[in-house]
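Below you'll find the structure, written out as structure tokens, and then a few comments.
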Amino acid sequence: MQARRILITGAAGQIGAALRRGLKGVYPLLRLADLAPLGDADAGEELCRYDLRDIEALEKSMVGIDCVVHLGGVSVEDSWEKVLPANIEGCYNVFEAARRQGVKRVVFASSNHAIGFHRRERFIDDTVVPRPDSRYGISKVFGEAVGRMYADKHGLSVACLRIGTFRHPDRPDEVRQLNSWISHRDMVQLTRRCIDHPDYHFIVVYGVSNNLRSRWDNSNVKFLGYRPEDDSEVYAAEILARGVKENEIAAQFHGGFYCPIEFSGDTGRID
Ligand code: NAI
Ligand code: 15L
């Protein structure tokens, strides 16, 4: 797809700021949207302030847009009162506004927490069933389902990125992140591949660097051309030397520290 005009929601956030820098000058227009302030518009940028619950504002911001990169919303585990409007209503609004405006493609920031209760000893790919580990994770499963429906029913091209751990500063900082880390330049590359690829219908891609210890398998989406350049192993000796052990429940599952939050189940029954 020859995308020229890109809308990024959640552009004031951590990943949004990195994409704003990394995609500068790559596309003729970056339209940046957030509830939070975005500073001044640079050359090739347009800024919008709105809440994702406001579908009219969303629709307006999608006029003439080729591809939406949807990052906006609650980005950690939170109360249902917070997750519902931003990640359920807001996410639905993004896809529906895109359909109404004839946007061709949506790249959705999903999360590893959509599959967080899969056991960590297993390598998993894009075909595993959802196993959310939190209300936040449920909202990402919802977003992937909305994307699937808009692809099948309305012909949108949709990529769902199950992002691992993206951090400022740009390095992994604890044991689990040796699996889950994605560097800034790999995040930019992955986003570009998802925007630029000429044709896909619906894909799920793990947003992870080329980590020796990664347990997420992107081989079904090799055609995308994503070739991560960074490997968390560079930081492994230093992180492991700290000797900090993961929580006992967290260590068993892909979702790590989200799994023990409010946990009242029986890990022995989670296959
Ligand atoms: P962030 O919290 O830094 O940025 C999210 C942005 O969304 C913020 O600027 C916020 O103002 C905006 N936002 C929140 N609610 C909104 C609303 N109702 N209307 C309009 N804007 C709203 O998050 P980050 O780290 O940049 O993540 C971006 C996306 O990637 C999120 O969807 C997050 O769930 C996902 N993700 C991030 C990971 C990470 O390690 N940073 C890992 C996995 C997924
Ligand atoms: C996420 O989905 C969150 O947005 C981020 O803050 C981290 O918690 C990350 O996952 C992770 O799993 O490390």
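First listed ligand is number 1; within each ligand, the first listed atom is number 1. Numbers here simply count residues along the sequence, with the first being 1.
- For ligand 1, the polar-atom distance check finds an N/O of S75 within less than 3.5 Å of one of the ligand's N/O atoms.
- At under 3.5 Å, not a single nitrogen or oxygen of A86, backbone or side chain, sits near a nitrogen or oxygen of ligand 1.
- Within ligand 1, counting atoms from 1 as listed, the ones closer than 4.0 Å to a heavy atom of A36 are 11 (O).
- Between G72 and ligand 1, a contact under 3.5 Å exists for no N or O pair.
- Remark: minimum distance from atom 19 (N) of ligand 1 to any protein heavy atom is reached at L52 N, 2.9 Å.
- Relative ring orientation between Y258 and Y136 is described as tilted, the plane-to-plane angle lying within the 30° to 60° band.
- In this structure, of I182, D51, L19, L161, the residue bringing a heavy atom nearest to atom 18 (N) of ligand 1 is D51.
- Nearest-heavy-atom check against atom 44 (C) of ligand 1 across A109, S180, S110 picks out S110.
- Ring geometry for W181 versus Y235: interplanar angle over 60°, hence perpendicular rather than tilted (30 to 60°).
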When you check ligand 2 against the protein, what N or O pairs turn up below 3.5 Å? List the atom names and distances, or just say none.
{"residue": "ligand 2", "atom": "2 (O)", "partner": "S111", "partner atom": "OG", "Å": "2.7"}
{"residue": "ligand 2", "atom": "2 (O)", "partner": "Y136", "partner atom": "OH", "Å": "2.6"}
{"residue": "ligand 2", "atom": "4 (O)", "partner": "S75", "partner atom": "O", "Å": "2.5"}
{"residue": "ligand 2", "atom": "4 (O)", "partner": "Y136", "partner atom": "OH", "Å": "3.1"}
{"residue": "ligand 2", "atom": "8 (O)", "partner": "Y258", "partner atom": "OH", "Å": "3.3"}
{"residue": "ligand 2", "atom": "10 (O)", "partner": "H113", "partner atom": "NE2", "Å": "3.1"}
{"residue": "ligand 2", "atom": "12 (O)", "partner": "N112", "partner atom": "ND2", "Å": "3.0"}
{"residue": "ligand 2", "atom": "12 (O)", "partner": "H113", "partner atom": "NE2", "Å": "2.7"}
{"residue": "ligand 2", "atom": "12 (O)", "partner": "R176", "partner atom": "NH1", "Å": "3.2"}
{"residue": "ligand 2", "atom": "12 (O)", "partner": "R176", "partner atom": "NH2", "Å": "2.8"}
{"residue": "ligand 2", "atom": "13 (O)", "partner": "T165", "partner atom": "OG1", "Å": "2.6"}
{"residue": "ligand 2", "atom": "13 (O)", "partner": "R176", "partner atom": "NH1", "Å": "3.0"}

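- Protein heavy atom nearest atom 33 (C) of ligand 1, with residue, atom name and distance: Y136 OH, 3.4 Å.
- Under 4.0 angstrom from ligand 1, there are no non-hydrogen atoms of H70.
- Each of the following atoms of ligand 1 lies closer than 4.0 Å to a heavy atom of Y50: 19 (N), 20 (C).
- Summarising the geometry, atom CD1 belonging to I195 is positioned 6.5 Å from atom CD1 belonging to I8; distances are rounded to the nearest 0.5 Å.
- Close contacts of ligand 1 with A12, meaning ligand atoms under 4.0 Å from a residue heavy atom, involve 9 (O).
- Using a 4.0 Å cutoff on heavy atoms, G73 counts as a contact of ligand 1.
- Of all the heavy atoms of R162, none lies under 4.0 Å from any atom of ligand 1, so neither backbone nor side chain is involved.
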